[in-house]
Each structure stands twice: as structure tokens, then as C-alpha cells.
Amino acid sequence: MSSPTAARRRRIVSALEEFQWRGLVFDTSEGLEQHLNSGQVTAYCGFDPTAASLHVGNLVPLLALARLQRLGHCPIALVGGGTGMIGDPSGKSQERNLLTAEKVAENIAGIRQQLAAFLDFDSKSAPAQLVDNGEWLNTIRLVDFLREIGKHFSLGAMLAKDSVKSRLDGPGISFTEFTYQMLQSYDFLILNQRYQCTLQVGGSDQWGNITAGIDLIRRVGGTKSHALVMPLVTTAAGTKFGKTEAGAVWLDAERTSPYRFYQFWLNTADQDVIRYLRTFTFLDADRIEALAQELAVAPQKRAAQRALAHEVTALVHGETAVARAQQSSEVLFGGSIEALTADDVLEIFDEVPSHRLTPEVLSDEGLPLIGLLADAGLVPSRGAARRLVREGGAYVNNQRVADEKASVRREDFLDGRVLVLRKGQKSYHLVTLEV
RNA sequence: GGAGGUGUGGCCGAGCGGUCAAUGGCAGCAGACUGUAAAUCUGCCGGGAAUUCCCUACGGAGGUUCGAAUCCUCCCGCCUCCA
């Protein structure tokens, strides 16, 4: 992350405007703009530990906290060690299974450090905080909670929330999930009391939970607090954002390698890319406008996509990872493999599936390519492998092989050790030779 | 409980005794064009062996027939109507 110092020195104004031009405002509480312009505000956003890693969808609220910090406000990232034990019914059509306490603890450990990477905790003027609502939710006594907090909730209002209503019309909802909004409201109240937190941000699906918190704070303390909810990210194609054939795109390098992460952003459609630059990067309006121009003039250069992939990958994985992802991309999409050493190849194809071969199976005539493709799992059967070769979709070391009877020989292995199989444009498989 | 209908490849959906590995659409894969985009076009799309071969498959189990996804019997699932 670039130094937020300059931004911090900027006057604390127009935070809402900044969010607005980036398309990040779905709805706000009344008077939020004046509140943000009146001085330093402490804002929070919660992240429930449903998995051991955050995914790209979580970037929007996470970056929102970082943006607020750059604009001089104090962010609090909250991990749901308590609420995660319950499960938020918002946007869920079915009751879910409870996570075990161990699983929750494990997930918290995972996302804690990811959250931390986006915020500046050492700032003198606007330090960030990281808190866990398990701290208060997991210890409060039921009767105390019902007397002090529950008393402020009206059943009518609770039942009227969309997340509850839709479930009542359908498969029903358990008492456990029904109480979720009380817990989240209580979080807001605690943060309001302990940290003077007066703003909660989140996705638009959180509106009901956030306003419930605002009401609670008003009833308990008589003070006003605020909500800012952001639209859910959509794709022009109407598909779910953040999903690939391989599943969700995670921030954890173990789950989604930096290379795949980079590729995910690089493959953004033209129609989406400018919007995503505003949503997912800190690039300013001038820079994004310039990229939009370039996209219009020379779409084939994909400068906007490259900038997007670079920025977001750097933010999540660092510049070194970006450099490596770029290098891998160049080789995988067009570059010649011959010039590389086996070590380079192994490095670039680090995450590509691979299997080992013993030298014995490699007779003097070589090993038939058809069988190798099938064994590698690039195609489901030998017949499919045959078709693939016939159609010209099979490559050995990035060179098309169209001969069904072709074999690979020892000489084909780079440095006598590694062979790169490819199906179509993007599917790779590595074959290494045991020595 | 009674009557009728229906169950086909990842999904939808034809076929109703041989020419059926099964029309068509969607999805998927590859190729061309291109920009690792979109659209379009072409080819492929059960498995194995390979130039007209074998195996497995039309809910399940039996049967009729030279031959069945197609006919019969029983069973199972789903749907509709009547009680």
C-alpha cells in the first residue's frame, strides 16, 4: 500500500463525495454527509468468520475502511467471533448449519491477519483498531442481555426486516438466526460506547442489521449514529462476481494463488473494468479517466485491465507477487518456453497440476502423446485426447502438435527434466521426469 | 384407496419394435477471427480399440421377439384428478 500520509493530511471533508463518485453509495442514514464533514469519525465494519479467508467480495467493505482512514477517519475492523457462532440470515434463503467453535476460532485466525494488512494501526492521527465481538458476546449472561438489550427491541420491527420476512414466507427461521440482528446491534452499541464509533459500513444486505443498531444506540444513549451501505458488485454478464470455474477468488495465497488472483482481474470485461477500478483501487479520478480513454481507443491493449490487476494484486499480495504473476502470464500466453530453464518453468508453473514419470516408461520410441494427455487429466479419456489433437488443441512446450501418433521423447524435456503440456489456451499440465 | 399420466445422456426435450450411441436446444471442450474480452462462425461432445469393431447406456428387475429406449409384467420415483 502506498503511504496514506498525504491523504491523511488532506482536510477531512468530502468523504461521502469520494464514495459517491466511486459508486460505493447504495444508501445512507439521514445526515451522514454532515456527520462525516464535521470532524473525525470512527467507523466500523464487521466480518463474520464463515471461512478461513476473505474473498474478493469482502474487498469492497474492507477497502471502504481503508478509504475512510485515508480520508482521516478511524476505522475499526471487527471479526465476528461471537456472531460467527450464530450465522447471519441476511441474504440466506435457508437455515445454515452452525460452525463449530473450533472452526470459528480457526477462521478468525485466518481473516484477522488479512484484515490487518489493509489498515494502518500505527497512525498517530487516525489509528485503526481490530476487535473481536466474541470478547463481549461470548461472555454476556443471557438474562443480562435480555434485560439490558432485548428490552429495546420490538418484535414487530424485528419481524419486519427483509431477511426475516422472506424466511418466514419460505422455509422458516430458527430463533438462533432470528436473534442475529440483536447481536449485531449490540456490537454497534458496544463500539459506540467504548470507541465512540458512530458509523457502520457494509454491503447493502446489511441495511436492516445496521439500522437496528442505530435504533438501539438511540434508545440506550439517546445519540445519533450512522449507516453507509454499498451496492453489491455485479458483472455486466449477469454472473456472480468473484466466482470462477474454480470457485471463489480468495485473498489467501494458499487458496487462490497470486497468479490466479492476478488473472481474475486481468480477465475483467471491458464493460466492467472502469467501474471496478473505481471500486477496487485507490487510483484517482484523473488516472481512471485516462485509462477509460485508453480503453476506448485501444481496447486490445487492455491497459485498464492491466492496471486493475496490478493495483489489486499489489494491495493484497504485494509488488513482488505482481511481478511474478506478470512474468508467468507472459510465458503462459504466447511466450516461448524453449528459452527457459527447467527451474524457471517449475517456478512459473508452480501451481499448475503436475505428475511424475519414471525414466523407464520413456522408451526409445518415446511415450504416445494421446496417453500422456489422458493420464495427465487434461482430458477425460483417450478418445477425447485423440479428438483434441485432431482439432489442433494440444500443445507440447507451447508448440502445437496435430499428429495423433506423436510421441514425446526424452529430448522434449527441458533440461531433461520437465515437459509442459497444454490444452487450448489456458489449461496446463506439467510432467516431470524423475532422476 | 381409485383413475390417469410420466420417468431418455450435465440440464431441457424428441423418439414409441429394426436404418438408435439415440433429432434438437442449453451447458461444456477445441479451432478460426481477435485483445487471455464480447459477439460470430466451424468442429467435437459415453468408454475402449481403431477406417465401417467391441462394451456400457433411455428409472429398477424380469419377460415377449431373430431384434426393445420403443411391447408386456412387477417394483420404485414424480405429477394430475377423484374419494
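None of these values were measured; they are calculated from a predicted model. The sequence lines fix the lettering, A, B, ..., with proteins before strands; numbering per chain opens at 1.
Summarising the geometry, the separation between CZ on A/R422 and C1' on B/C29 is reported as 15 Å, rounded to the nearest angstrom. If you take CD1 of A/I370 and P of B/G48, they are 11 Å apart, rounded to a whole angstrom. Whole-Å rounding puts the A/K301 NZ to B/A37 P distance at 19 Å. Look at CG on A/L373: it is 20 Å from P on B/C44, rounded to the nearest Å. Look at CD on A/E294: it is 15 Å from P on B/G35, rounded to the nearest Å. Atom CD of A/Q300 and atom C1' of B/U36 are 14 Å apart (whole Å). The distance between atom CG of A/L308 and atom P of B/U36, rounded to the nearest whole Å, is 17 Å. Atom P of nucleotide B/U36 and atom CZ of A/F261 are separated by 22 Å, given to the nearest angstrom.
Under the salt bridge (Lys or Arg N to Asp or Glu O under 4.0 Å) criterion, A/D343 pairs with A/R417, sequence neighbours left out.
Rounded to whole Å, the C1' atom of B/C75 lies 24 Å from the corresponding atom of B/C81. The separation of B/C66 from B/G24, taken at their P atoms, amounts to 34 Å, rounded to a whole angstrom. B/C12 and B/C76 have their C1' atoms separated by 24 Å, with the value rounded to a whole Å. Using atom P as the reference point in both B/U8 and B/C58, the two lie 11 Å apart (nearest Å). As rounded to the nearest Å, B/A27 and B/U34 have P atoms that lie 24 Å from one another. Using C1' as the reference atom, B/U65 and B/A14 are 26 Å apart when rounded to the nearest Å. Nucleotides B/G15 and B/G7 have their C1' atoms positioned 15 Å apart, rounded to a whole Å. The P atoms of B/A3 and B/C74 are separated by 12 Å, rounded to the nearest whole Å.
Of the candidate nucleotides B/A30, B/U36, B/A49, B/U36 has the atom nearest to the side chain of A/Q263. When distances run from any side-chain atom of A/N267 to the nucleotides B/A37, B/A50, B/G35, the shortest one goes to B/A37. Here the side chain of A/R386 is nearest to one of B/A49, B/G35, B/C45, namely B/A49.
Distances shown here put every side-chain N or O of A/Q425 at or beyond 4.0 Å from the OP1 or OP2 atom of B/C29. Checking the phosphate oxygens (OP1, OP2) of B/A49, a side-chain nitrogen or oxygen of A/R382 falls inside 4.0 Å. For B/G48, the OP1/OP2 oxygens have a side-chain nitrogen or oxygen of A/S381 closer than 4.0 Å. Remark: A/R390 is not in phosphate contact with B/C45, judged by side-chain N or O atoms under 4.0 Å from OP1 or OP2. Contact check, A/Y395 against B/G31: a side-chain N or O comes under 4.0 Å of OP1 or OP2.
A/S329 and A/Q263 share a donor-acceptor pair across their side chains, judged by distance under 3.5 Å alone.
Looking only at distances, no side-chain donor or acceptor of A/D252 sits under 3.5 Å from a matching main-chain atom of A/S53.
In this structure, the separation between CG on A/L59 and CD on A/Q114 is 9.5 Å, given to the nearest 0.5 Å. Here the CD atom belonging to A/Q20 is positioned 6.5 Å from the CD atom belonging to A/E33, to the nearest 0.5 angstrom.
At a threshold of 4.0 angstrom between heavy atoms, the contacts of A/K423 are confined to the sugar-phosphate backbone, with no base atom among them. Counting non-hydrogen atoms under 4.0 angstrom, A/L388 reaches the backbone sugars and phosphates but no base. Base contact: A/R302 has a heavy atom under 4.0 Å from a base atom. Heavy atoms of A/R400 sit under 4.0 angstrom from primed sugar atoms or phosphate atoms, though from no base atom.
Shown here, B/U51 forms no base pair; nothing in the strands shown gives a Watson-Crick or G-U wobble contact with both key distances under 3.5 Å. Base pairing of B/U36 is not made with any nucleotide, judged by Watson-Crick or G-U wobble geometry with both donor-acceptor distances under 3.5 Å. B/G28: Watson-Crick or G-U partner is B/C44, with both key distances under 3.5 Å. In this entry B/C71 has B/G63 as its Watson-Crick or G-U wobble partner, both defining distances falling under 3.5 Å. Across the strands present, B/A22 finds no partner; the criterion is a Watson-Crick or G-U wobble pair with both atom distances under 3.5 angstrom. The partner of B/C78 is B/G5, by the rule that a Watson-Crick or G-U pair needs both atom distances under 3.5 Å.
Put simply, the side chain of A/E391 and the base of B/G43 share a donor and an acceptor less than 3.5 Å apart.
In terms of position along RNA chain B, the nucleotide closest to A/D270 lies nearer the 5' end than the nucleotide closest to the other residue of the pair A/A374 and A/D270. The nearest heavy atom of RNA chain B to A/G383 and to A/K426 marks one nucleotide each, and the one closer to the 5' end goes with A/K426.
Here A/W207 and A/F26 keep their ring centres 6.0 angstrom or further from each other.
By the 6.0 Å and 45° rule, A/R324 does not stack over the aromatic ring of A/Y259.
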(message) The test is side chain to side chain contact (heavy atoms under 4.5 Å, CB included); show your working for A/V418 and A/V431 and say whether it passes.
(response) CA-CA 6 Å; A/V418 52; A/V431 182; over 6 Å; no
